[in-house]
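One structure is given here, and the rest of the page talks about it.
This one's a predicted model, so the numbers in the text were calculated from it and none came from an experiment. What's counted below: heavy atoms across the whole structure, side chains too, no hydrogens, waters or symmetry copies.
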Amino acid sequence: MKKETYIRLMDWGTATEQRKNLIIYWNMFVTFVIYAAYPLLMLYLMVSRDMRFWKALLVPGISFVLVSVFRYVYNQERPYIAFNYPSVIKKNKRGKSMPSRHVFSAVIVAMTFYYICPLLSIPVGVCAGLMCVGRVVAGVHYPKDVLVGAVLGIVMGIIGFYAI
């Protein structure tokens, strides 16, 4: 992303208080939906004594750790730092932009739902897609950060749930 594109995007997002609030609440809402859905799924699997519980716990957990380590090592600067222009969502992190761990988490949760109940993965997947857009429009990630986060979530979900 070029600096001019980032600034245009941030100027559009902060042009009115309504737009700014929409972006903030949009990000909060989809994050809440994803992070509430996963524990509910895990609770359901645990209560029903479904043996898929362990895979649904370990695949996202191990994948999350691997992505976090990669992100720590790669340590890409965030766009609001690189371009010295404030994001819509106030953040203080300087690095660890790529891949987007929010998006990765949303996609691996959607993959977990797909593994357990494909029909329920649709609304979770839609929220993951909205999160991709929201993280870029909010100015906290580059488009490639969310793309890589989403691809890693899909690939690790396929490998963890279907190849192993």
Subject >> From CZ (F53) to CD1 (I116), nearest 0.5 Å >> reply: 10.5 Å
Subject >> Same cluster (ILVMFWY, side-chain, under 4.5 Å), V103 and L130 >> reply: yes
**OP:** For D11 and Y6, test the side chains for any donor-to-acceptor distance below 3.5 angstrom and give the result as yes or no.
**Re:** no
Subject >> Nearest-0.5 Å distance that lies between atom CD1 in I23 and atom CD in Q18 >> reply: 12.0 Å
Subject >> Student check: side-chain heavy atoms of P99 and F104 closer than 4.5 Å >> reply: no
Subject >> R101-S68 side chain donor-acceptor pair, cut-off 3.5 Å >> reply: yes
Original post:
Counting N and O atoms only, with roles assigned by atom type, does the side chain of R78 sit under 3.5 Å from a partner on the main chain of G95, one being a donor and the other an acceptor?
Top reply: yes
**OP:** Under the side-chain contact (heavy atoms from CB on, under 4.5 Å) rule, what do V137 and W12 come out as? Steps first, then yes or no, please.
**Re:** CA-CA 9 Å; V137 172; W12 179 87; 4.2 Å; yes
Original post:
Is the backbone of K93 close enough, under 3.5 Å, to the side chain of Y80 for a donor and an acceptor to pair up by distance?
Top reply: yes
**OP:** Might you work through the side-chain contact (heavy atoms from CB on, under 4.5 Å) test for V30 and Y35, ending with a clear yes or no?
**Re:** CA-CA 9 Å; V30 294; Y35 292 165; over 6 Å; no
Original post:
Is the number of heavy atoms from other residues, nucleotides or ligands within 6.0 Å of NZ (K90) greater than 12?
Top reply: yes
**OP:** Using the side-chain contact (heavy atoms from CB on, under 4.5 Å) rule, take H102 and I34 through it: C-alpha gap first, then chi angles, then the decisive distance, then the call.
**Re:** CA-CA 10 Å; H102 271 85; I34 298 291; over 6 Å; no
Original post:
Do you know which two heavy atoms are closest between A106 and M131, and how far apart they sit?
Top reply: CB-SD, 3.8 Å
Original post:
Between L120 and V124, is any pair of side-chain heavy atoms under 4.5 Å apart?
Top reply: no
Original post:
Can you tell if the side chain of M10 reaches within under 4.5 Å of the side chain of P86, non-hydrogen atoms only?
Top reply: no
Subject >> Worked check of side-chain contact (heavy atoms from CB on, under 4.5 Å) between Y114 and Y162 >> reply: CA-CA 11 Å; Y114 187 78; Y162 299 104; 3.2 Å; yes
Original post:
Are any non-hydrogen side-chain atoms of R19 and T16 less than 4.5 angstrom apart?
Top reply: yes
Original post:
Are D145 and S100 linked by a side-chain donor-acceptor pair shorter than 3.5 Å?
Top reply: no
Original post:
Is there a path of hydrophobic side-chain contacts, each under 4.5 Å between heavy atoms of I, L, V, M, F, W or Y residues, that connects F32 with F113?
Top reply: no
Original post:
Is a donor on one side and an acceptor on the other found under 3.5 Å between the side chain of T5 and the backbone of M1?
Top reply: no
Original post:
Is there a path from L152 to I154 through hydrophobic residues (I, L, V, M, F, W, Y) whose side chains come within less than 4.5 Å of each other?
Top reply: yes
Original post:
Applying the 4.5 Å side-chain criterion to the ILVMFWY set and letting contacts propagate, would I159 and V148 be lumped into a single cluster?
Top reply: no
**OP:** Answer with yes or no whether the hydrophobic clustering places L147 together with V67; edges join I, L, V, M, F, W, Y residues whose side-chain heavy atoms lie under 4.5 Å apart.
**Re:** no
Original post:
Do the non-hydrogen side-chain atoms of W54 and L45 ever get within less than 4.5 Å of each other?
Top reply: no
Original post:
Where do W26 and V133 come nearest, in terms of heavy atoms and distance?
Top reply: CH2-CG1, 3.6 Å
**OP:** Report the distance from atom CZ of R94 to atom CD1 of I81, rounding to the nearest 0.5 Å.
**Re:** 4.5 Å
Original post:
For the residue pair F70 and Y74, is the inter-centroid distance of their aromatic rings smaller than 6.0 Å?
Top reply: yes
Original post:
Measuring from N84:CG to I7:CD1, what's the distance to the nearest 0.5 Å?
Top reply: 9.0 Å
**OP:** Please say which of I108, L43, L57 ends up in a side chain to side chain contact (heavy atoms under 4.5 Å, CB included) with Y38.
**Re:** L57
Subject >> Which atom of V107 lies closest to which atom of A128, heavy atoms considered >> reply: CG2-CB, 4.1 Å
Subject >> From CD1 (I89) to CD1 (I24), nearest 0.5 Å >> reply: 6.5 Å
Original post:
Short question: side chain of S121, backbone of P118 - any donor-acceptor pair under 3.5 Å?
Top reply: yes
Original post:
Which value, rounded to the nearest 0.5 Å, describes the distance between R52 atom CZ and Y115 atom OH?
Top reply: 6.5 Å
Original post:
For H141, which of Q76, M98, R135 qualifies under side chain to side chain contact (heavy atoms under 4.5 Å, CB included)?
Top reply: R135
Subject >> Exercise: identify the closest heavy-atom pair between S97 and V140 >> reply: OG-O, 4.0 Å
Subject >> Note, F161 side chain near M156 side chain (heavy atom, < 4.5 Å) >> reply: no
**OP:** With the side chain counted from C-beta on, respond yes when T112 and L41 share a heavy-atom pair under 4.5 Å apart, and no when they do not.
**Re:** yes
Subject >> Validation row: P79, S87 side chains within 4.5 angstrom (heavy atoms) >> reply: no
